[in-house]
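Below: one structure, written as structure tokens.
These numbers were taken from a predicted model, which means no experiment stands behind them.
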Amino acid sequence: MKKSLLLGVILAVAGTLVAQEPHTFGTLTYKEKNFEQYEADTTASAVYLYERGDNYFDLDGNRIWLYKAYHAKIKILKPEGFDQGTVSIPYYRGADTSEKIMSIHAMTHNGTVRVGVAQDQIFYKDTGANWSEATFSFPDIREGAVLEYTYILRSPYIYNFNGWEFQADIPKVYSEFNARIPGNYVYNRALVGFLSLDVNEAELERDCLVIPGIPKPADCEKLKYAMKDIPAFREESFMLAANNYQARMEFELSEWRKINGQIERFTKTWDDVDSEFRKDSDLGRQLKKGNFFEKQVPPELLSEGGLLERAERIYEFVRAHYNWNGQYGIYRESRVKEAFEEGSGNVSEINMSLINLLNAAGIPAQLVLSATRGRGLPKRSHPVMSDFNYVLARCEIDGKTYYLDATDKYTPFGMLPQRALNYYGRVMDFDADSFWEDFNLEDRNMVNIRAQLVLEEDGSTGTGVLYWLTAGYPAIEKRQEKAESESYDDALEDSFREDMQVTSLEWDQEKSSETSTYERLDFEIENRITGNRIYLDPFLIRFFNRNPFTLDSRLYPVDFAYARGYSYSISITIPEGLTVESLPEKSMVALPDNMARLVFDAKQQGNTVVLTFNFSLGAPHMAAELYPALKDLFDRAVRAQTQSLIVLVD
């Protein structure tokens with residue numbers, strides 16, 4: 001224990017020494033000049049040798065401004081890193097006042113040769129209604145070059161003190177963020193991601209800001225946060241929005257204590273939000289359009305059948321009546337009456353129309369604030385309304401909770417589109433307090449393929465039949481593909497192996513539904529023959545040809561959106577005169593608690609070979625600690641599908 005404590009002290013001191021090493025623009029340290037390879041990630045094409053940000057408030061003219069100073073040095077290790085040589089710095093333009101980029105300086109270091117970026121090679125352009133950017137490119141970029149630049153951004157917006165991103169698309173040797181915040185500005189702050197700070201310091205600095213006419217100077221909170229040896233953030237398959245995991249320090253303005261003593265609060269409690277929702281006349285009008293909707297729909301839609309049957313019919317009506325315009329947003333941008341008359345609307349308008357109709361039918365329904373998977377998870381600690389960009393409907397029938405989204409033509413009652421599968425939402429109850437609730441997801445999601453193959457006498461060819469069944473979300477995807485593709489059959493056939501020819505394809509409407517599909521395919525195949533041996537690939541269809549997980553390690557969890565299963569079985573009839581020389585090797589492996597499982601088997605029963613492959617992902621979310629085992633499981637599953645051969649001899 002003492003040894004560990006001593007080591008911790010040594011590391012802390014070392015970190016402080018690194019942080020205090022002077023970095024003057026235009027000069028490189030001895031280590032930076034001789035840096036050749038980043039040992040922590042030898043695949044890196046470039047690396048931040050040093051990065052520092054300083055946020056502070058200062059007086060200019062008759063107002064207080066927020067300043068953001070930035071300094072970075074990037075080492076180019078491989079030609080693939082040359083794209084780091086173009087820099088864009090965004091800034092906000094308001095109606096009356098704007099942010100400003102000041103003092104941009106940049107140069108390329110190639111050994112003892114330094115080439116600067118001329119000021120007339122820095123370009124400014126508008127990128128949107130309120131955004132602009134300054135861009136420049138470094139000259140003479142080579143392997144081994146160090147790209148260095150610095151700038152200051154001046155902002156009139158105190159709420160734009162929004163933190164620091166430690167993690168980027170390339171690794172960083174060292175990244176440091178400093179701040180001086182006058183005591184009259186109070187910010188919430190949070191460390192996001194799965195990395196820890198190496199430096200976390202806070203102290204009080206007396207008399208840091210003098211304002212003419214104010215007798216007492218303001219005291220400041222002086223902050224320093226730093227990380228060392230920061231791995232690159234690389235996106236991979238099966239993950240939520242990157243901003244859930246990318247290491248950064250977030251700041252959010254909580255309150256502003258003005259010079260005259262008034263306090264303006266920006267961070268609210270959910271009690272505050274609930275109260276505003278109840279009093280909001282705009283919102284109230286949109287959720288109290290029952291009389292309008294009752295006049296627009298057939299009376300029997302709202303009255304006939306039991307509650308569940310009624311709710312399902314109303315859902316079908318709204319889904320069919322509206323065309324979603326692809327826009328997200330919450331209540332203040334919504335007008336349900338106009339949207340209904342036009343037959344088109346955003347997420348809020350469509351789902352608030354659904355809520356109105358459910359309530360009119362005597363089915364109590366509530367509005368749920370949520371976010372799309374690409375948006376990020378809303379904060380549970382306190383309300384941040386910008387975290388939300390989606391609205392759902394919620395109702396309870398016979399003790400079961402249903403979440404509904406009528407924007408998608410292919411998503412059935414009681415299921416949510418994949419874009420909305422984002423863990424949880426905030427249920428806005430106008431008669432009581434709002435509350436968080438996790439989404440209950442459909443867990444019967446599977447692809448099931450069964451095939452029968454009969455080989456001809458010499459084994460060189462064969463004919464067979466294949467039954468392709470899907471359920472849950474895979475069925476929704478398939479139904480959408482078929483409905484929206486003009487050449488679904490051709491595209492399906494193109495996805496098969498080159499030695500397989502589909503002779504007929506049938507979509508069984510009677511056995512298919514909104515949550516399941518059933519297809520039958522008749523096919524012919526050709527096998528590879530070498531000498532007196534016949535090599536038969538038993539996988540007519542592969543669920544995946546490669547492992548979607550490529551990183552050596554992963555700091556963030558794996559998110560499949562929903563649990564799922566893949567099942568494949570084939571029965572192969574061997575003609576007389578041929579014998580089975582070898583079968584694929586069996587495999588069975590599982591993660592703890594059967595969160596994921598692979599069972600692969602092949603055996604001979606008389607003149608028949610039966611091969612089965614079952615791969616299940618029993619949990620929609622898996623912790624990063626399971627990543628190595630999950631990656632290995634996928635490796636085994638891919639090998640089973642791509643490297644399995646049945647060898648026959650005559």
Spatial distance of atom OG1 (T503) from atom CG (D522) [nearest 0.5 Å]: 4.5 Å
Side-chain donor-acceptor contact under 3.5 Å, R419 with T407: yes
Partner set under ring-ring contact (aromatic ring centres under 6.0 Å, His included) for W324, not counting sequence neighbours: Y328
Partners passing ring-ring contact (aromatic ring centres under 6.0 Å, His included) against F544 (at least two apart in sequence or in another chain): Y566, F615, F634
Side chain to side chain, L626 and M595, heavy atoms closer than 4.5 Å: yes
Donor-acceptor contact below 3.5 Å, side chain S513 vs main chain T515: yes
Q167 side chain vs A247 backbone, donor-acceptor pair below 3.5 Å: yes
Derivation and outcome, ring-ring contact (aromatic ring centres under 6.0 Å, His included), residues W131 and Y91: CA-CA 6 Å; W131 286 94; Y91 58 98; 8.3 Å; no
Whether F161 and Y187 hold their rings parallel, tilted or perpendicular, with breakpoints at 30° and 60°: tilted
Polar side chain donor-acceptor pair, N389 to T372, under 3.5 angstrom: yes
Stepwise ring-ring contact (aromatic ring centres under 6.0 Å, His included) test for Y556 and F233: CA-CA 10 Å; Y556 48 89; F233 183 84; 5.3 Å; yes
Donor-acceptor contact present, side-chain Q366 to main-chain A393, <3.5 Å: no
N356 and S353 side chains, donor-acceptor separation under 3.5 Å: no
Check: Y390/N422 side-chain N/O donor and acceptor closer than 3.5 Å: no
Side-chain heavy-atom pair L369, V391 within 4.5 angstrom cut-off: yes
Matching residue for Y315 among Y403, Y402, F413, Y322 - test: ring pair (Phe, Tyr, Trp, His ring centres under 6.0 Å): F413
Under 3.5 Å donor-acceptor, N244 side chain and A241 backbone: yes
Validation row: I363, N359 side chains within 4.5 angstrom (heavy atoms): no
Distance-only donor-acceptor check, side chains Q641 and N545, under 3.5 Å: no
Any donor-acceptor N or O pair under 3.5 Å, side chains S434, D274: yes
T269/D272 under side-chain hydrogen bond (donor to acceptor under 3.5 Å, both in side chains): CA gap, chis, key distance, verdict: CA-CA 5 Å; T269 67; D272 297 330; 3.2 Å; yes
Value rounded to 0.5 Å, distance of CD in E255 from CG in N188: 9.5 Å
Any M428 side-chain heavy atom under 4.5 Å of V273 side chain: yes
Cation-pi geometry met for R380 and W436 (6.0 Å, 45°): yes
Validation row: S254, F266 side chains within 4.5 angstrom (heavy atoms): no
Summary of salt bridge (charged side-chain N to carboxylate O under 4.0 Å, His left out) pairs that have at least one residue in residues 350-376, sequence neighbours excluded: R373-D559
Shortest non-hydrogen separation from A637 to L598 and the atoms involved: N-CD2, 3.8 Å
Distance-only side-chain donor-acceptor flag, S512 / T517, under 3.5 Å: no
Carboxylate-amine/guanidinium contact E506 R520, below 4.0 Å: no
Nearest-0.5 Å distance, CG of residue L521 to CD of residue Q501: 12.5 Å
Note: R93-D126 ion pair, threshold 4.0 Å (strictly below): yes
Exercise: identify the closest heavy-atom pair between F238 and P548: CE1-CG, 3.9 Å
Any N614 side-chain heavy atom under 4.5 Å of F600 side chain: no
Distance flag, aromatic centroids of Y423 and F439, threshold under 6.0 Å: no
Salt bridge (charged side-chain N to carboxylate O under 4.0 Å, His left out) pairs, two or more places apart, involving residues 389-398: R394-E396, R394-E437
Electrostatic pair E316-R319, nearest N-O below 4.0 angstrom: yes
Charged N-O contact under 4.0 Å between E341 and K295: no
Shortest non-hydrogen separation from M415 to G472 and the atoms involved: CE-C, 4.2 Å
Over all atoms of both residues, closest heavy-atom pair of P474 and N445: CD-CB, 3.8 Å
Spacing of CG belonging to D387 relative to OG belonging to S370, to within rounding of 0.5 Å: 11.5 Å
Which atom of A596 lies closest to which atom of L630, heavy atoms considered: CB-CD1, 4.2 Å
Value rounded to 0.5 Å, distance of CD in E99 from OG in S132: 10.0 Å
Gap separating the CD atom of Q418 from the CG atom of D408, nearest 0.5 angstrom: 10.0 Å
Y627 and F549 aromatic centres sub-6.0 Å: yes
N547 side chain vs K631 backbone, donor-acceptor pair below 3.5 Å: yes
Backbone N/O of F340 and side chain of H321: donor-acceptor pair under 3.5 Å: yes
Between H621 and F560, ring centroids under 6.0 Å: no
For the student: nearest non-hydrogen atoms of T401 and N440, plus distance: O-ND2, 3.0 Å
Donor-acceptor contact present, side-chain N351 to main-chain A406, <3.5 Å: yes
Note, L551 side chain near R234 side chain (heavy atom, < 4.5 Å): yes
Where at least one partner belongs to residues 465-493, residue pairs that pass salt bridge (charged side-chain N to carboxylate O under 4.0 Å, His left out), sequence neighbours excluded: K478-E519
Lys/Arg-Asp/Glu bridge criterion (N-O < 4.0 Å) met for E250, R248: yes
Between N325 and N346, a side-chain donor and acceptor under 3.5 Å: no
Validation row: R450, L466 side chains within 4.5 angstrom (heavy atoms): no
Enclosure of E300 CD (heavy-atom neighbours >12, cutoff 6.0 Å): yes
Charged N-O contact under 4.0 Å between E304 and R310: no
Expected output: side-chain S495 to main-chain L492 donor-acceptor under 3.5 Å: yes
ring-ring contact (aromatic ring centres under 6.0 Å, His included) partners of Y568, counting only residues at least two apart: F539
